Protein chains: 2
Amino acid sequence: MSTALTVEEAWAGLPATAQRLLVAGLETFGENGYHGTSTRAIAQRAGMSPAALYMHFPTKEDLLFEIARTGHEVHFARVRAAADAAGPDPSARVAAIVEASVLFHAEHHSLARTIQYEHPSLAPDHQRALLKIRRDTESFLADAVTEGVASGAFAPDDAPTAALALMSLAIDVARWYPSQRRRSPTQIATSYTHLALRLLRP
Amino acid sequence: MSTALTVEEAWAGLPATAQRLLVAGLETFGENGYHGTSTRAIAQRAGMSPAALYMHFPTKEDLLFEIARTGHEVHFARVRAAADAAGPDPSARVAAIVEASVLFHAEHHSLARTIQYEHPSLAPDHQRALLKIRRDTESFLADAVTEGVASGAFAPDDAPTAALALMSLAIDVARWYPSQRRRSPTQIATSYTHLALRLLRP
DNA sequence: CCTACCGATCGGTAGG
DNA sequence: CCTACCGATCGGTAGG
């Protein structure tokens, strides 16, 4: 169970060369996609020979999985940490979750794109493992929304659908950021958090 | 200027073989991505030899551009048609736009994924051409939201930001559809339209 | 962890 | 629009 709040932290125990390959992979996958990135390009970016990658990862797909898995776990850990810090009030909890998720997708948009769009490039077993983390993350948000419904703070037609929509809002930031208007991740997170509460209010 | 409401309609004037290649490309790009799709796979799906593609398109990238360009135009045309049919009321117009866009991204999720996620695979010139259509589409929605602000029907903090968020909601459907719960495109469109109006109301 | 190399496949073309 | 082919590059391995 990972509670690391950054990928660097999550990979801290690995050999330095493996860490460099993971970071190089994360960046190139985010820029050119999995199939648009060669193992040679990753190795070169990490300052190593083409064969070095296979010292640490059995296949290119295993490297992608390690990146995607860690990314999913870091995202979930940040969302939980933000909710914990927000205390018991449902509005504060939902606001903290949306803010943390939007921040993650803006600040780490290269990692986030890999997480969100390279899912079909993974082996079925690996897809299933990540789907579990996704569902847990979405349930965590849906539970916070449901608490708000119980307390009378929120009144969406359907809590799970509203939670899915809020996740969509955060996830899609990774697609367009930073091409849109000149706004910082913090500014985007603030306005999206506000939109989320507007959407949920009675 | 294209007013076609389907890609088939937009490509009706092209040779039958070119049409088959475009449809095969649209499907395979949507399933495996641009770099995950070989020109041979496209030609085979269209029932032709590997070289046939180059009778109709100078390069693989030109085929992608033709698909992405048509997809953008069809989406914009549907959004405009829906707004026109909705009449002058801002709430009805925004609802019609969101509904049409969500429907498009669910029913044509393979095309929509290509449009939204393969943008970086295109040449800079081609990216610019599509960016123009995207901006026009987003402005069209932003204008409808602004009309609603003027009439008192809506009260978002910032109309362009709200419009961007509504587009995100629709676009992200292409990422997860149809993996989520068993709901039809029409059902999804209806609940997302409702969420959009909740988000905008004073 | 590197050099050297494998067979397979890639985008694209020659020539008909 | 097909057959046959081009050089380049791919993921991955042998052997040290």
Side-chain angles (χ1 to χ4, degrees), chain A residues 11 13-69 114 117-127, chain B residues 11 13-69 114 117-127:
Chain A
W11 295 331
L14 298 177
T17 44
Q19 289 184 40
R20 268 155 56 209
L21 286 163
L22 286 161
V23 171
L26 178 167
E27 292 168 351
T28 36
F29 288 154
E31 288 165 20
N32 302 67
Y34 177 71
H35 291 297
T37 300
S38 67
T39 55
R40 280 160 176 80
I42 297 167
Q44 190 177 17
R45 189 151 181 159
M48 284 177 281
S49 77
L53 191 152
Y54 295 92
M55 296 296 300
H56 299 282
F57 306 95
T59 67
K60 181 188 175 190
E61 193 267 348
D62 283 287
L63 175 71
L64 171 63
F65 176 61
E66 181 57 28
I67 293 166
R69 189 184 60 78
T114 303
Y117 306 143
E118 298 300 346
H119 201 251
S121 302
L122 288 159
D125 279 11
H126 289 159
Q127 289 193 23
Chain B
W11 294 333
L14 298 176
T17 44
Q19 289 185 39
R20 268 155 55 211
L21 286 162
L22 285 161
V23 171
L26 178 167
E27 292 168 351
T28 36
F29 288 155
E31 287 165 21
N32 304 91
Y34 176 72
H35 290 297
T37 301
S38 68
T39 54
R40 280 162 176 78
I42 298 167
Q44 190 176 17
R45 189 152 182 157
M48 285 177 280
S49 77
L53 190 152
Y54 295 93
M55 296 295 300
H56 298 283
F57 305 95
T59 67
K60 181 189 176 189
E61 192 268 346
D62 283 287
L63 175 70
L64 171 64
F65 176 60
E66 181 57 27
I67 293 167
R69 190 183 61 78
T114 304
Y117 306 143
E118 297 300 345
H119 201 249
S121 301
L122 288 159
D125 279 12
H126 289 159
Q127 290 194 23

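This is a predicted model, so every value here is computed, not measured. Quick note on labels: first sequence line is chain A, next is B, and so on, each numbered from 1.
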Mind checking what makes side-chain hydrogen bond (donor to acceptor under 3.5 Å, both in side chains) contact with [X], not counting sequence neighbours?
X     : result
A:T28 : none
B:R45 : B:E27, B:E31
B:T39 : none
A:Q19 : none

Kindly state each residue pair satisfying ring pair (Phe, Tyr, Trp, His ring centres under 6.0 Å) with at least one member in residues 22-41 of chain A, sequence neighbours excluded.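 Counting only pairs at least two positions apart or across chains, the ring pair (Phe, Tyr, Trp, His ring centres under 6.0 Å) contacts touching residues 22-41 of chain A are A:F29-A:Y34.
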With ring pair (Phe, Tyr, Trp, His ring centres under 6.0 Å) as the rule and sequence neighbours excluded, what pairs involving residues 47-66 of chain A come up?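 Every pair satisfying ring pair (Phe, Tyr, Trp, His ring centres under 6.0 Å) with a residue in residues 47-66 of chain A: A:F65-A:H126.
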Considering all heavy atoms, the nearest A:L53-A:L21 contact: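 In terms of heavy atoms, the two residues are closest at CA-CD1, 3.8 Å.
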Of the non-hydrogen atoms in A:L122 and A:A68, which two are nearest, and what is the gap between them?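 Minimum heavy-atom separation between A:L122 and A:A68: CD1-CB, 4.5 Å.
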For B:A52, all residues meeting side chain to side chain contact (heavy atoms under 4.5 Å, CB included), sequence neighbours excluded: B:M48, B:S49
Below 4.0 angstrom, which residues in residues 14-36 of chain A have at least one non-hydrogen atom near DNA chain C?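 Within this stretch, A:T17 sit under 4.0 Å of the strand.
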Hey, could you give me each pair passing salt bridge (charged side-chain N to carboxylate O under 4.0 Å, His left out) that has a residue in residues 51-66 of chain B? Not counting sequence neighbours.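 Only B:E66-B:R69 qualify under salt bridge (charged side-chain N to carboxylate O under 4.0 Å, His left out).
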Rounded to the nearest angstrom, tell me the gap between atom [atom1] in [X] and atom [atom2] in [N].
X     : N      : atom1 : atom2 : result
B:Q44 : D:dC1  : CD    : C1'   : 16 Å
B:E61 : C:dG11 : CD    : P     : 13 Å
B:Y54 : C:dT13 : OH    : P     : 7 Å
A:L53 : D:dG11 : CG    : P     : 9 Å
B:I42 : C:dG11 : CD1   : C1'   : 11 Å

Can you tell me if the side-chain N/O atoms of A:S38 get under 4.0 Å from OP1 or OP2 in D:dC10?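 Yes.
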For DNA chain D, just give me the dot-bracket, please: Watson-Crick or G-U, both distances below 3.5 Å, ( ) intra-strand, [ ] crossing earlier pairs, | paired with another strand, . unpaired. ||||||||||||||||
Between protein and nucleic acid, restricted to nucleotides 2-6 of chain C and to nitrogen or oxygen atoms under 3.5 Å apart, what atom pairs and distances do you find?
| unit_1 | atom_1 | unit_2 | atom_2 | d |
| --- | --- | --- | --- | --- |
| C:dC2 | OP2 | A:S49 | N | 2.9 |
| C:dC2 | OP2 | A:S49 | OG | 2.6 |

Hey, mind stepping through A:L22 and A:L26 against side chain to side chain contact (heavy atoms under 4.5 Å, CB included) and telling me if it holds? CA-CA 6 Å; A:L22 286 161; A:L26 178 167; over 6 Å; no
